[in-house]
A.B. asks: 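Encoded as structure tokens, here's the structure I'll be asking about.
Numbers here are sequence positions counted from 1. Numbering of ligands and ligand atoms starts at 1, following listing order. These numbers come from a predicted model, not from an experiment.
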Amino acid sequence: MGHIAPPRLNSPVTTLSGVGTRIAARLQHLGIHTVQDLLFHLPRRYIDRTRLHAIGSLQMGQEALIQGQIELTQLQFGKRRSLLCRISDGSGALMLRFFYFSRSQQNKLAQGMHIQCWGQVRRVGNKLEMIHPEYQLIDNYDQGQLEQTLTPVYPATEGLSQNKFRKLTEQAMDVFRRDSSELPELVPETLLTEANLPGLVDALSYVHRPPPDAEIDALLLGHHPCQQRLAFEELLAQHLSLRCLRERVHKYPAPPLQDSGKLICKFKQQLPFDLTRAQSTVIKDLQEDMNKGVPMLRLIQGDVGSGKTVVATIAALQAIAAGYQVAFMAPTELLAEQHYLNLRQWLGPLEIPVKLLTGKMGRVERESVLANIATTVPQFVVGTHALFQETVRFSRLGLVIIDEQHRFGVHQRLALLEKAGEIHPHQLIMTATPIPRTLAMTLFADLDISVIDELPPGRQAIKTIAISNQKRQEVIDRIAVACRQGRQVYWVCTLIEESDSLQCQAASDTCEQLANMLPDLSVGLIHGRMKSTDKARIMTDFKGGKIDLLVATTVIEVGVDVANASLMVIENSERLGLSQLHQLRGRVGRGKHQSDCVLMYQSPLSNPAQTRLETLRRSNDGFEIAQKDMDLRGPGDLLGTRQTGLPALRIADLARDAHLIPQIRKTADLLLNAHPGHVQSLIKRWMADWLLFAQV
Ligand code: ADP
Ligand code: MG
């Protein structure tokens, strides 16, 4: 056999002893491919096997290492047969209980033997007990092994025992100790000192094997400086990757969209309302950006109903007046169609061509739209992500607008870049997710941010009530009253299972039922499985007042805008999250009428569901609701991979580590200026997969 080089940090895990293809496959499942990946797979918690506890001192619920002598072992028959084994260490006695045991196990646990056990203490009657402890028979008191460090417990290691995992991390640590130059320190020392954080080598070693005197409480909460140090570096890498993305985009020229303002002036004159102060301010931000020869990268945050569409339209007019095309991307087909109809109405009188492109279009229609996009300048193209598929060629794209960003992510924005030629379009991204400012500045570090912080005047707060599903009749009476007054109503059926078809089925059943119970009303149905033309027809009928009650699935969640609708009923609202409920509720309260939202629920409500419904009942403020959502679910969940397009954080937790953000921004500035090499290494260390995709 030839000489085998010792593993290095970037060697595959199979170079470690005890890792064959089977184990390697399981590790791969956890995202662990290399020795270094093992190092960055941090313990979820710790247990203390560095010291023995006297049995007499044990508290209920405590996990403890104990040692004692077996006084008695016997079978107990009862509801369930078990093996009981009483041990004592002089300070007290404790019962070990086994439900699963072999004859030989039973024989070995003989009276007089010494035993060391690890487990959680329970109290049964006035006796202490451990169920199925880990144990080891020992010859005498001195032979019991005490661990030299706190024992790490790693996150779910399907098919891999904790012991195995500890052996693997031990080996990874050895490789690391032998040569840590492969994992150099990338955060400047002065900044570490300033932030009172340890170096990388110390932090990693500590976190995998904390010394016996470590503050276990801080470790369990993730507050220990060594953990914070790693979270800091991870957030820093994420932040830097976005900043680099921004720099990359800014290297390209963009068409300066200068405009006399005539077209916009004409458009504003025909609007049935004046813009709010907030809208005007944001429009100014956009116009300034678009005048420049570098691509605009701007995010507009504005609560549901704050009037983002009209702001985007004015930006679009500036591009159109300058002779460019505008692509307006919506997250759902339904919303794309709504925007299309709306824009045609707004822009028709100005003789601006508006086209629609969605994935569900027939081939002939699609080809004709594609041909049109390739030649017609200027024009406005509305669509779903179908807009950014390979076959779409814009001839002169000046501005890209992405609506309801919380449904898209960085990925889509990147796909856009691939479409761009030497000249990049300006980008405008809109979101109704009111993320607190510091968080937004991290998660959208590649974007400038403008906020529409007021609603159009005359809006009355939506009144929200929660009603049990059992009082369905009351709700139906309310519907009748609203429609008699000339208003319109939404009834939303929520997801029963992860099955789209079942959800659509439920909606059509409900529709039939409601139509029977409300014979005087015209009841319509809309769901995701309907043909696009049927969906469009239903929405037009609802908008035109031909339908009184619209039964829908959550397809209407975003963007649908019918000002005369004043009642929103959400069935089984306890199944939805806060943000989604707020979005749905935002479909009403868009006109001058007092609007109501009825949250129907199935009793009994879980505690979190109760809190959610209560929060909505109390507040109409998207910011407040988002904050609450974050408290309940954590920002990781709320702003997860799906929304940001960023990989899930491995170590950092935005709720826990938000206080690090100011320091992270400062560090990022410094690194970008003085250590560009470190920037690339940090991104590579933490965001390797993302990097491949983003080519930052
Ligand atoms: P969102 O921000 O949720 O996308 P929309 O753009 O759909 O909101 O606007 C909601 C409704 O408010 C639309 O019917 C729109 O025409 C109307 N609207 C927008 N701006 C104003 C305004 N300044 N005054 C009155 N109504 C407005
Ligand atoms: Mg909108």
Side-chain angles (χ1 to χ4, degrees), residues 264 267-284 286 298-317 328-347 349 380 382-384 401-408 428-435 449-462 487-488 490 539-540 542-545 555-566 568 579-593 595 597 620-623 625-626:
I264 291 172
F267 172 72
K268 282 193 197 158
Q269 271 163 14
Q270 71 166 50
L271 273 182
F273 49 75
D274 292 328
L275 296 177
T276 61
R277 172 200 50 79
Q279 283 171 320
S280 302
T281 314
V282 172
I283 289 169
K284 214 191 248 149
L286 298 175
R298 191 167 286 275
L299 176 77
I300 300 184
Q301 279 189 297
D303 207 349
V304 196
S306 61
K308 295 185 286 295
T309 319
V310 71
V311 169
T313 307
I314 289 175
L317 287 176
F328 191 148
M329 176 157 75
T332 65
E333 207 186 334
L334 188 70
L335 182 52
E337 271 156 15
Q338 294 307 294
H339 280 323
Y340 173 63
L341 295 174
N342 199 15
L343 287 164
R344 262 208 333 198
Q345 223 171 38
W346 274 350
L347 304 185
F380 204 128
V382 185
T384 54
I401 300 168
I402 300 180
D403 194 16
E404 302 296 350
Q405 181 278 340
H406 70 286
R407 295 298 201 82
F408 293 112
L428 166 57
I429 292 131
M430 304 196 281
T431 180
T433 312
I435 307 146
I449 302 177
S450 298
V451 185
I452 304 184
D453 55 3
E454 71 181 328
L455 293 180
R459 294 277 170 84
Q460 299 182 47
I462 304 165
R487 301 288 84 75
Q488 289 164 286
Y490 294 98
M539 280 320 295
T540 311
F542 189 57
K543 231 175 168 159
V555 291
I556 60 153
E557 177 186 340
V558 284
V560 174
D561 182 41
V562 177
N564 190 48
S566 72
M568 165 65 66
S579 302
Q580 202 178 8
L581 287 168
H582 179 61
Q583 281 281 341
L584 277 170
R585 176 171 63 176
R587 297 311 111 217
V588 298
R590 301 186 147 241
K592 52 187 184 303
H593 310 290
S595 293
C597 174
N620 271 304
D621 176 349
F623 253 98
I625 290 167

A.B. asks: Once you restrict to heavy atoms under 4.0 Å, what part of Lys308 touches ligand 1? Side chain, backbone, both or neither.
C.D. replies: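 For Lys308, backbone and side-chain atoms both sit under 4.0 Å from ligand 1.
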
A.B. asks: What are the atoms of ligand 1, with element, lying closer than 4.0 Å to any heavy atom of Leu275?
C.D. replies: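 Those of ligand 1 that fall under 4.0 Å from Leu275 are 23 (N).
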
A.B. asks: Mark up the atoms of ligand 1 that fall under 4.0 Å of a heavy atom belonging to Asp274, in ascending order.
C.D. replies: 22 (C), 23 (N), 24 (N)

A.B. asks: Can you check whether Ile452's main-chain N or O pairs, donor with acceptor, with Gln279's side chain at less than 3.5 Å?
C.D. replies: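 Answer holds: no.
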
A.B. asks: Pull out every atom of ligand 1 sitting under 4.0 Å from any heavy atom of Thr309, numbered as shown with elements.
C.D. replies: 4 (O), 5 (P), 6 (O), 7 (O)

A.B. asks: Looking at ligand 1, would Ala432 count as a contact under a 4.0 Å heavy-atom criterion?
C.D. replies: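 Heavy atoms of Ala432 never come under 4.0 Å of ligand 1.
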
A.B. asks: Once rounded to the nearest 0.5 Å, what's the spacing between atom CG of Asn564 and atom NE2 of His593?
C.D. replies: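 Answer rounded to 0.5 Å: 5.0 Å.
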
A.B. asks: Just which atoms of ligand 1 are under 4.0 Å from any heavy atom in Val304?
C.D. replies: 3 (O)

A.B. asks: Work out whether the distance between some heavy atom of Gly302 and some atom of ligand 1 is less than 4.0 Å.
C.D. replies: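 Per 4.0 Å heavy-atom rule, Gly302 does not contact ligand 1.
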
A.B. asks: Just distances here: any N/O of Trp346 and N/O of ligand 1 closer than 3.5 Å?
C.D. replies: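 N/O-N/O distance below 3.5 Å does not exist for this pair.
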
A.B. asks: Can you tell which part of Asp403 has a heavy atom less than 4.0 Å from ligand 1: side chain, backbone, both or neither?
C.D. replies: neither

A.B. asks: With a cut-off of 4.0 Å, which atoms of ligand 1 are near a heavy atom of Thr276?
C.D. replies: 23 (N)

A.B. asks: Which ligand 1 atoms are under 4.0 Å away from a heavy-atom of Ser306?
C.D. replies: 2 (O), 8 (O)

A.B. asks: Check each atom of ligand 1 against the heavy atoms of Asp303 and keep those under 4.0 Å away; list them by number with element.
C.D. replies: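 Counting from 1, the qualifying ligand atoms are 2 (O).
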
A.B. asks: Polar contacts were defined as any N/O atom of the residue lying under 3.5 Å from an N/O atom of the ligand; does this apply to Gly307 and ligand 1?
C.D. replies: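 There is such a contact, yes.
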
A.B. asks: Of Arg459, Gln279, His339, which has the heavy atom at the shortest distance from atom 17 (C) of ligand 1?
C.D. replies: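 When every heavy atom of Arg459, Gln279, His339 is considered, Arg459 comes closest to atom 17 (C) of ligand 1.
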
A.B. asks: Does Asp621 CG have over 12 foreign heavy atoms under 6.0 Å away?
C.D. replies: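 Counting neighbours around CG of Asp621, more than 12 heavy atoms of other residues, nucleotides or ligands fall under 6.0 Å, so yes.
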
A.B. asks: If you count every heavy atom of other residues, nucleotides or ligands that lies below 6.0 Å from Gln270 atom CD, does the total exceed 12?
C.D. replies: yes

